[in-house]
Amino acid sequence: MSLRSFHIFFISICGLLCLFIVGWTAFQSEATGSVTYAPFGFVGAAGLVGLVFYLRWFLRHHGRHV
């Protein structure tokens, strides 16, 4: 596995983790009726958006072939 492929894989795994955090905080907020988990959800969503933009930049900068 090349360094480029590993980088794309790692970005994807981090994006899935951010998506999990968003889902987990939504579930916890609904289950407990509390908004104390909301900041974690916002951070997870911001991280996911940031990773999507970073992945697009990375693919454009380093070519699209895998």
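Between H62 and R4, the closest heavy-atom pair is O-NE, 3.3 Å. P39 and V35 make their closest contact through CD-O, 3.9 Å (heavy atoms, listed as atom of the first residue, atom of the second, distance). In terms of heavy atoms, C18 sits closest to G47 at SG-C, 3.9 Å. Of all the heavy atoms in Y37 and T32, the pair that sits closest is CE1-OG1, 4.0 Å.
Taken from OG1 in T25 to CD in E30, the straight-line distance is 11.5 Å, to the nearest 0.5 Å. The CG atom of L51 sits 10.0 Å away from atom CG of L16, with the distance rounded to the nearest 0.5 Å.
I8 has its side chain within reach of L59: a pair of non-hydrogen atoms, C-beta onward, lies under 4.5 Å apart.
Checked against the 6.0 Å centroid criterion, the rings of F40 and W24 do not qualify as a close aromatic pair.
At most 12 heavy atoms of other shown residues, nucleotides or ligands fall within 6.0 angstrom of atom CZ in F9.
Transitive grouping of hydrophobic side chains (ILVMFWY, heavy atoms separated by less than 4.5 Å) brings I11 and W57 into a common cluster. Cluster membership for L19 and I21, using ILVMFWY side-chain heavy atoms within less than 4.5 angstrom, is not shared. In this structure, L3 is not a member of the same hydrophobic cluster as F58, with clusters built from ILVMFWY side-chain heavy atoms closer than 4.5 Å.
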